[in-house]
Amino acid sequence: MPLLPRRFERLRAVLDRRMGDLTLLLEHVDKPHNLSAILRSCDAVGVLEAHAVSLPGRTPTFNSTALGSQKWVALHRHGCSGDAIARLRAGGFRLYGTHLGAQAVDYRDCDFTGPTAFVLGAEKWGLSEETAAAIDQAIVIPMVGMVQSLNVSVATAILLFEALRQRQAKGCLPTRGEGLPPEQYARLLFEWAYPEVAAWCRREGRPYPALSPEGAILEELPRTVRLRC
C-alpha cells in the first residue's frame with residue numbers, strides 16, 4: 001500500500017521535534033518492562049536515540065509496554081560502559097548520573113538545556129563504581145518516604161520531562177527539524193517512511209531515492225521493490 005500523505009506528515013511532524021542532544025546511557029537495565037517503559041518515555045519527550053550496556057549474556061528485549069517505541073528510538077548497544085561514555089564525551093555530552101553520594105545535587109538545580117546524557121543503572125545495584133566516577137555530575141531525585149530510590153523507568157521519565165520543561169522555558173526546543181543535522185534528518189525520514197526500501201538500498205549499496213513534499217518516491221524502482229512501498 002502506498003504511503004498516505006497524512007502518514008508522511010505525521011512522521012515528519014514527529015521527526016521535526018526530535019532532539020539529538022538529549023540521550024540516555026542505561027547500565028545493566030535489562031528487564032524488558034523497564035527498558036520498554038524507558039524507550040516509551042524517550043519517544044514521548046522527543047529523544048532521538050539511547051545507549052545501553054547489558055550484563056554478559058543479556059540482550060535488550062521489549063514487551064508490550066513499549067507500544068512500538070523501539071521502532072522510533074534507536075537503542076545503541078555497547079560492550080562496556082567505558083566505550084559508551086567515551087562515545088558520549090566525543091559527542092560533546094555532559095553526563096548526569098543518578099547516584100547517591102556526597103557530591104550529588106538535586107536534579108532540579110542542574111541545567112539540562114545543553115547536550116545532556118542521563119546515566120542510570122539497574123535499581124538493585126545502581127551505577128558501577130567506574131561509571132559513577134566517570135560522570136560529570138551526580139544527581140538525585142529528592143524523596144520523603146522510607147524508600148530511597150524510584151523504579152528506574154519512573155526516574156528516567158522524571159529526568160527527561162525536566163529536561164523538556166527547561167528547554168521549553170528557554171525556547172530551544174526544535175520544531176522544524178533543527179534538532180538534527182540535515183543529512184541525518186533526511187536519512188531518518190526516508191527510513192521511517194519506507195523501512196523495507198531503505199533496507200534494500202543499503203543491501204544494494206545505493207543512496208536513498210529523493211522524496212516529494214508529499215512523501216512519494218521520486219524514482220522508478222524495480223517492481224519487486226515497489227510492492228514493498
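Below, all heavy atoms of this structure are taken into account, side chains as well, without hydrogens, waters or symmetry copies. All of these numbers come straight from a predicted model, not from anything done at the bench.
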| query | Does atom CD of Glu9 have more than 12 heavy-atom neighbours from other groups under 6.0 Å away? | reply | yes

| query | Would you say the side chain of Leu120 lies within less than 4.5 Å of the side chain of Glu27, judging by non-hydrogen atoms? | reply | no

| Below 4.5 Å, heavy atoms only, C-beta onward: do Phe190 and Pro209 meet side chain to side chain? | yes

| said: Any side-chain to backbone donor/acceptor pair from Thr116 onto Gly114? Under 3.5 Å, distance only. | reply: yes

| message | If you compare all heavy atoms of Ala50 against all heavy atoms of Leu39, which two are closest, and at what distance to 0.1 Å? | response | CB-CD2, 4.3 Å

| What distance do Ser54 atom OG and Arg77 atom CZ have between them, rounded to the nearest 0.5 Å? | 5.0 Å

| said: Please evaluate residues Arg202 and Glu191 with respect to the criterion salt bridge (charged side-chain N to carboxylate O under 4.0 Å, His left out), reporting the C-alpha separation (whole Å), side-chain torsions for both, the decisive distance (0.1 Å), and the verdict. | reply: CA-CA 11 Å; Arg202 292 193 296 271; Glu191 291 174 354; 3.5 Å; yes

| Backbone of Arg176 reached by a side-chain donor or acceptor of Glu178 within 3.5 Å | yes

| Minimum side-chain heavy-atom gap Val105-Gln137 below 4.5 Å | yes

| task | Could you go through the side-chain contact (heavy atoms from CB on, under 4.5 Å) check for Val53 and Leu25 one step at a time? | result | CA-CA 8 Å; Val53 177; Leu25 170 56; 4.1 Å; yes

| Test log, rule side-chain contact (heavy atoms from CB on, under 4.5 Å), inputs Leu95 and Phe118 | CA-CA 6 Å; Leu95 277 61; Phe118 293 120; over 6 Å; no

| request: Considering non-hydrogen atoms only, spot the tightest contact between Cys201 and Pro207 and give its length. | output: SG-O, 4.0 Å

| note | For Leu164 and Met19, the nearest pair of non-hydrogen atoms, with its separation, is CD1-CE, 4.3 Å

| Counting only heavy atoms not in Arg206, do more than 12 sit closer than 6.0 Å to its CZ atom? | yes

| field | Step-by-step side-chain contact (heavy atoms from CB on, under 4.5 Å) determination, Leu188 to Leu15 | value | CA-CA 8 Å; Leu188 286 172; Leu15 194 58; 4.1 Å; yes

| CG of Leu189 to CZ of Arg187: how many Å apart, nearest 0.5 Å? | 11.5 Å

| field | Sub-4.5 Å side-chain heavy-atom contact between Leu24 and Leu160 | value | yes

| message | Looking at every non-hydrogen atom in both residues, tell me the closest pair between Leu22 and Phe93 and how far apart they are. | response | N-CE2, 4.0 Å

| message | Once rounded to the nearest 0.5 Å, what's the spacing between atom CG of Leu159 and atom CD1 of Ile139? | response | 4.5 Å

| query | Is the number of heavy atoms from other residues, nucleotides or ligands under 6.0 Å of Arg10 CZ greater than 12? | reply | no

| request: Verify the cluster assignment for Ile141 and Val119: are they in a single hydrophobic cluster under the rule of side-chain heavy atoms below 4.5 Å apart? | output: no

| message | Looking only at the aromatic ring of each residue, does the gap between the centers of Phe112 and Tyr96 stay below 6.0 angstrom? | response | yes

| Side-chain heavy atoms of His99 within contact of Val140, under 4.5 Å | no

| field | Pairwise distance CG(Leu75) to CG(Leu26) - rounded to 0.5 angstrom | value | 7.0 Å

| query | How long is the span from the CD atom in Gln70 to the CD1 atom in Ile38, to the nearest 0.5 Å? | reply | 13.5 Å

| field | side chain to side chain donor-acceptor pair (under 3.5 Å) evaluation trace for Thr156 with Ser153 | value | CA-CA 5 Å; Thr156 300; Ser153 66; over 6 Å; no

| request: Verify the cluster assignment for Val45 and Val152: are they in a single hydrophobic cluster under the rule of side-chain heavy atoms below 4.5 Å apart? | output: yes

| Shared hydrophobic cluster, Leu100 / Leu127 (ILVMFWY, side-chain heavy atoms < 4.5 Å) | no

| query | Under 4.5 Å between any side-chain heavy atoms of Leu48 and Val73, yes or no? | reply | no

| field | Summary of salt bridge (charged side-chain N to carboxylate O under 4.0 Å, His left out) pairs that have at least one residue in residues 154-175, sequence neighbours excluded | value | Asp21-Arg167, Glu162-Arg165

| query | So with a 6.0 Å cut-off around CZ of Arg89, is the heavy-atom count from everything else above 12? | reply | yes

| request: Show your working on side-chain contact (heavy atoms from CB on, under 4.5 Å) between Thr23 and Leu88 and close with a plain yes or no. | output: CA-CA 9 Å; Thr23 191; Leu88 291 170; 3.8 Å; yes

| query | With respect to Trp192, which candidate in Tyr185, Trp72, Tyr208, Phe8 satisfies the ring pair (Phe, Tyr, Trp, His ring centres under 6.0 Å) definition? | reply | Trp72

| field | Chi angles and distances behind the salt bridge (charged side-chain N to carboxylate O under 4.0 Å, His left out) call for Lys71, Asp43 | value | CA-CA 10 Å; Lys71 295 190 298 183; Asp43 178 63; over 6 Å; no

| Less than 4.5 Å apart, any side-chain heavy atom of Lys31 and any of Ser36? | no

| query | If every non-hydrogen atom of Thr131 is compared with every non-hydrogen atom of Ser81, which pair is closest and at what distance? | reply | OG1-CB, 3.3 Å

| said: When you compare the side chain of Met143 with that of Leu150, does any pair of heavy atoms fall below 4.5 Å? | reply: yes

| task | Drop me the distance from Tyr107's OH to Ile158's CD1, to the nearest 0.5 angstrom. | result | 5.5 Å

